[in-house]
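Below is one structure; the comments refer to it alone.
Quantities reported herein were computed from a predicted structural model and do not represent experimental measurements. Chain letters run A, B, ... following the sequence lines, proteins first and then strands; every chain starts at 1.
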Number of protein chains: 2
Amino acid sequence: MSLVLGGKWKGRVSAATAERVRAAAAELGYRPNLAARNLRLGRTRTVLLVVPALTTEFFAGVYTGAARVAARHGFGVVLYPSPEGIGPARDPFASAQAALDGVIASSMAADAVSALRGDHGRGGGGGGDQLPLVMLDSDPEGPGTATVNLDIADGVRQVAEHLLGLGHRDFLHLAADVPSWTFEVRARELAARLAEVPGTRLRTVRSPISIKGAEAAVRGALEGAERPTAVVCDDDQLAAGTYKAARRVGLRIPEDLSVTGIDDLAVATAIDPELTTVRLDAELFGERGMRALLAVLEGEEPEQGDIPVRLIVRGSTAPVRA
Amino acid sequence: MSLVLGGKWKGRVSAATAERVRAAAAELGYRPNLAARNLRLGRTRTVLLVVPALTTEFFAGVYTGAARVAARHGFGVVLYPSPEGIGPARDPFASAQAALDGVIASSMAADAVSALRGDHGRGGGGGGDQLPLVMLDSDPEGPGTATVNLDIADGVRQVAEHLLGLGHRDFLHLAADVPSWTFEVRARELAARLAEVPGTRLRTVRSPISIKGAEAAVRGALEGAERPTAVVCDDDQLAAGTYKAARRVGLRIPEDLSVTGIDDLAVATAIDPELTTVRLDAELFGERGMRALLAVLEGEEPEQGDIPVRLIVRGSTAPVRA
DNA sequence: AGACGGAAGTTATACGTAAAACCTGGTGAG
DNA sequence: CTCACCAGGTTTTACGTATAACTTCCGTCT
């Protein structure tokens, strides 16, 4: 009976009976039992997406993209926002309570991976075999079956060029205080680019990723004569916090202070002036991650190459004042 | 062997063998197969959370709350952001690809429910039996096994009192152009409260829920002498759009125009001045929803009563100018 | 005419778990 | 001394599906 719905009854069942079966199924409202099917097939067509948080639309975009291509391939995506944020996820599998074919981990710390690899997949009583794991926003040299990255280094370079072109030489890097590879890249790349230009100065302030946190963290650096002329933020939320701090200390943006972000979240255009920021295509990111995982599951080679990013120049950056 | 891990080997297995089994399990890295367990138990300890979108932290909060309670009871939560937004969800089950014990639908249109009820649960080949369904932000008279609501009517009342107390009489309601019960309540309640006060005026403008959309929708109403002194927005994002429109037409907030929102998202404090808004406790909302579903599954009566909300007065509202 | 082949339909089996049903050996009571 | 009982352990079964294996039936070719 299951043949009919499977669609592959080419030479097995007559067209007449096939129709009869389908009618009966519709009549009784028959739905196949997923648990039984998963058990029989030994695969669940379900993957787990581990993200550090859902407080920003970025990961919502990643999910959306991943879920879209998953759906096209008959896969479902289960979300696991790690309660520990970027740190090691305690036990996503037990929590997700789902039988899995693979895992995508977005922007998680490398050592979080150990906890991620398990045997909740198709594998029977036996042990040992590991789930395919795709890492997003992560060190390509690190663990994981495959890695997909945004070309964040290029994004930081675009920011640096833009600000240098406007005459800025005194920079503050408002860095996300989070142990993630992607933020290490941002710090390294910014420092490297500025080091190439004589007469530049770069200070760094760390902050948790939140508007309030950023406001508190950056305020001190904006007071006094030693203040920078440009603040490069790791993230739009940090930039929003910088706006608030600037307003507190009486600095106008962009006349007195240029500010840049990364992500291009909704908040980037909600604040005034609109934020110059690096647009990250979260959905494409999720799509690429899911495609990579599907490739691994098919035994194919995942697509190579970082995803390009683009600087969106808005009103928060201006030439440095004489 | 499964007895040991189940924890109920009180008088069945000696402590020695129990230990031996546990050691062997650890040795081999044994993990029970979820699919087989689900099949055997006839329940999956997995519920589906259907939300219209993830573009706002509100639903992230709902998810977080629901997942937290779920985890405490050994349940997992699978998320299904309906691609159609608030409208009827096409086939969440096929997409979620998970065997389910129940469904929570947040802020979905009532007629979306029909598609939500299915037979993908424990049920065997048979048909007919419906999954328990908890509706959030929905008409208590509508379908669904149980309903959990925020006391949004009270929130709107608090907004109205606050603005009336500041002397405002000329109102604009910036309404979410979305067919959801919760927004109908907001419109109805605001109109009802203002109707009680002689000399008040209420206009309504509809907008999709986005900053850009709101800016475009509200701009016309802010120009000319007939403009309102207070804009009551269904949502913080609409309020953020109102800020931008006001800036365009040269109105200062709150001196020339008072603005209120609902939700208390991060954007509410990112914009300047900070937004007076109604704080909704999304996490508590999710918790209550999950608890209601668990109660239904246990055959108990779900907790009654709406969740209280609270007006947070910030800088976007001021006495009307003489 | 007999046998072979292929299409249509039917039965059997395995997936891994949980739990019931079923053994076994030893001890205490009658 | 024998038997019932019980703790401790082993075998069996069922969950619902997908598919392999097997049976049946008929038409056709030699």
Nearest-Å distance, CG (A:Asn38) to C1' (D:dC15)?
-> 14 Å
Looking only at heavy atoms, the pair that brings A:Thr46 and A:Ala99 closest together is CB-O, 3.7 Å
With respect to the side chain of B:Arg37, which nucleotide from C:dA18, C:dG16, D:dT19 is positioned closest?
-> C:dA18
For the pair made of CG in A:Asn33 and C1' in C:dC15, what is the distance, rounded to whole Å?
-> 13 Å
Roughly how far, to the nearest 0.5 Å, is the CG atom of A:Leu150 from the CG atom of A:Asp281?
-> 8.5 Å
Between the OG1 atom in B:Thr55 and the CG atom in A:Leu265, the distance rounded to the nearest 0.5 Å is 12.0 Å
To the nearest 0.5 Å, how far apart are CG in B:Leu294 and CZ in B:Phe75?
-> 5.5 Å
Take the protein atom CG of A:Leu34 and the nucleotide atom P of D:dC15, then report the distance between them rounded to whole Å.
-> 18 Å
Using atom CD of A:Glu19 as one end and atom C1' of C:dA8 as the other, report the distance to the nearest whole Å.
-> 17 Å
Ignoring hydrogens and geometry, is there a side-chain-to-backbone donor-acceptor pair from B:Ser82 to B:Pro52 under 3.5 Å?
-> no
Per atom distances to the B:Leu39 side chain, the nearest of D:dC15, D:dA18, C:dT17 is D:dC15
As a check of understanding: the bend across the helix from C:dA1-D:dT30 to C:dG30-D:dC1, end axes from five pairs, rounded to 10 degrees, works out to 70°
Rounded to whole angstroms, how far apart are CZ on B:Arg40 and P on D:dT17?
-> 16 Å
Taking atom P of C:dA14 as reference, at what distance in whole Å does atom CG of A:Leu41 sit?
-> 17 Å
Give the intermediate values and the outcome of side-chain hydrogen bond (donor to acceptor under 3.5 Å, both in side chains) for residues A:Asn38 and A:Thr44.
-> CA-CA 5 Å; A:Asn38 289 342; A:Thr44 61; 5.5 Å; no
Nearest to the side chain of B:Ala36, which nucleotide is it out of C:dG16, C:dA18, D:dT17?
-> C:dG16
